[in-house]
Each structure stands twice: as structure tokens, then as C-alpha cells.
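Model, not experiment: these values are computed from the prediction.
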Amino acid sequence: MLFVSDSIFINALVAALVAGMFTGLGGFAIFLKKKYSKSNINTMLNIAAGVMLAAAIFSLLVPAMEKIMSLHNNQYMGALHYCGAVFLGVALVWLLNNLLPHEHNHMGHHGPFFDLKKAWLFIIAISLHKLPEGLAVGVAYGAHDLLNPISLVLGIAIHNIPEGLIMAIALYGAGYSKAKAALIALMMGMLQPIGALMGLLITDINTYIIPLAMALAGGTLMFVVINEILPETYGTKKTDKSVAAVFGGFILMTFIFMVLH
């Protein structure tokens, strides 16, 4: 590879693999409680949303903006390139969402409330996130000279835990055993190394592509949070608790980023 060394390539794939395994960790959390309420799930998803927002902003979008603007004498052209890359990231995930069949459901509690088809459509909806998240990891490692990718990996790993749990709950509700449901959640997390490979290949084209790829990856994560994670928590009357959980996750990830930075 032209710009990405073998060690960076391997580290990125291992990091994406570990982050993906946290989806399985969340899946096996189904054994920790006899029943997870909708409030439990909403709180975890809101914390994950706050974590992902901070990871996208501080680990990708801000460093990409600074690097692109430093490379341009014309600030308008630099801003146009940056905003275009963010928009492209949003558009790519939006297109992926519309091309692949999937279904959103508001998770409630353990029990036979899903039929098998709906459960799998719901799993597909969550699994769609894994590719752009893996892409972000690959881009972050490709841009290791501009940022510390570890903070982004931690943010994605933390966010994968509640996603893995709701995957397992959906499958358990459709009739799978808890063990099988948790193992399927783990397997879905393995899509992230594929996304990481795509991110590494993007950043390997030339050096100017790297900050553009960071902006693109940041756009994909923002879309995932705004269009996929937060809507799953809509409809609850406990808005104060939801807001507190989002800000709590954001502040936690901000602290982690500043310490690692």
C-alpha cells in the first residue's frame, strides 16, 4: 500500500475486530437480567448516541476541517470540499439504508413480540451501521498522523454494546435461544473489519484524500446517530432522562478524547 504501512493496516483491522466484538459483548448482556425494559434500552441508546456524536466531531470532523483548511489558500474552496465530503458520507449511508430492506422497531421487553422476518429486518437495520463505523476506524488509522484513532475506536466499541443487546433481545423475542441470539449479535459485529478495509483503501489513494475521507466518515457517523440511533428512543415521555443520557455520553467521550489526545 502506498501510504498505509503493514503495521497500520493490521492495527486498523484488529481495532475494528475488537470494536465489533463489543457488539457480541452487548449480545451476551442479555443473560445479565431477566428482563430489559424499554427505559433501560432507551437510556443505553442515548448514552451511545452521545458517545458517537463526540467521537464523530472530535476524532474526525474537527481534525479534517483543520487539515483541509490548512491545505487551501482559498478558504471558500476548502470549505466547499469539506462540506461536500461530509454530505457525501451522509448520502452514502442514506442510499445504503434505502437500497437494503430493513425495519425499525421500538424495543420493549423480552418476550415473543417479534415474528422472525421482522426480527431479521431489524437486525439488518442495526448491522447497516457496522460498515460506516468500520469505515471510520479504517480512515482514522489511515490518518494516524493527524489524530489518535484509539479514542474513536473506544467510542464505537462503547456504542456497540447497547446495539448488540437490542439485536439479541429482538432475536430472543422471535424465538431464538439467548445463546444463539448473542452469538448472532457477535457475528453481525464482524462487519466492522470489512468497513475498516474500505476505509484503509480510501486513504491509500493520495495524501489529500485522507482529510476528505475523515470528513466523509464523520458524516456517516452523524447520520447513523441522528437517523438510526436517536429515533429508536422517540416516543418516550421521559425526555429529561434521555437528554441527560445523551449529554452524559457526549461528556464521557469528550473526556476520553482529551485524555488520549
Side-chain angles (χ1 to χ4, degrees), residues 13-52 55 102-131 133-134 137 153-196 224-225 228-236 238 241-242 244-246 248-249 252-253 256:
L13 291 183
V14 170
L17 179 65
V18 171
M21 290 177 68
F22 272 73
T23 308
L25 180 64
F28 280 97
I30 196 172
F31 288 98
L32 297 180
K33 290 184 68 174
K34 184 177 181 180
K35 173 181 175 182
Y36 283 92
S37 67
K38 182 175 176 61
S39 178
N40 296 150
I41 298 296
N42 282 347
T43 298
M44 287 186 283
L45 284 174
N46 282 318
I47 292 172
V51 166
M52 286 287 282
H102 63 283
E103 181 167 318
H104 295 274
N105 280 279
H106 296 290
M107 301 305 302
H109 50 80
H110 294 186
F113 60 98
F114 266 153
D115 63 43
L116 191 58
K117 181 180 177 181
K118 287 186 176 181
W120 272 104
L121 288 175
F122 182 60
I123 299 307
I124 291 172
I126 300 175
S127 299
L128 287 177
H129 308 168
K130 302 307 171 190
L131 289 175
E133 290 163 11
V137 173
V153 174
L154 281 174
I156 291 175
I158 292 170
H159 141 270
N160 280 343
I161 295 174
E163 286 201 339
L165 176 59
I166 60 175
M167 280 189 195
I169 291 175
L171 291 170
Y172 179 65
Y176 284 79
S177 69
K178 287 186 177 181
K180 189 172 183 179
L183 287 172
I184 291 173
L186 174 62
M187 288 191 295
M188 293 300 103
M190 295 304 100
L191 289 172
Q192 286 191 326
I194 298 174
V224 166
V225 172
E228 301 293 334
I229 301 178
L230 288 178
E232 294 296 335
T233 67
Y234 291 171
T236 178
K238 298 179 180 179
K241 186 177 180 180
S242 296
V246 173
L252 170 65
M253 193 61 228
I256 291 173

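Note: His159 NE2 to Ile47 CD1 = 13.0 Å, rounded to the nearest 0.5 Å. Rounding to the nearest 0.5 Å gives a distance of 7.5 Å between CD of Glu133 and OG1 of Thr23. To the nearest 0.5 Å, the span separating CD on Gln192 from CG on Leu17 amounts to 9.5 Å. Expressed to the nearest 0.5 Å, how far CD1 of Ile30 lies from CD1 of Ile166 amounts to 11.5 Å. One distance of note links NZ of Lys178 with CG of Leu171; it measures 13.5 Å at 0.5 Å rounding. Note that the OH atom of Tyr172 and the CD1 atom of Ile184 stand 14.5 Å from one another [nearest 0.5 Å].
Counting heavy atoms from C-beta outward, Ile156 and Met52 have side chains that approach closer than 4.5 Å. Within the 4.5 Å cutoff, side-chain heavy atoms of Thr43 are placed close to those of Lys241. Contact check for Ile169 versus Leu165: side-chain heavy atoms found under the 4.5 Å cut-off.
Across all non-hydrogen atoms, the minimal contact from Gly164 to Ala185 is O-CB, 3.7 Å. Nearest heavy atom pair, residue Ala196 against residue Leu13, reads CB-CD2, 4.2 Å.
Within the structure, every pair that satisfies the salt bridge (Lys or Arg N to Asp or Glu O under 4.0 Å) test and touches residues 163-172, not counting sequence neighbours, is listed here: Lys130-Glu163.
Using modelled atom types, one side-chain atom of Asn160 and one backbone atom of Ala19 make a donor-acceptor pair closer than 3.5 Å.
Crowding of Met21 atom CE: a count of heavy atoms from other residues, nucleotides or ligands under 6.0 Å not exceeding 12.
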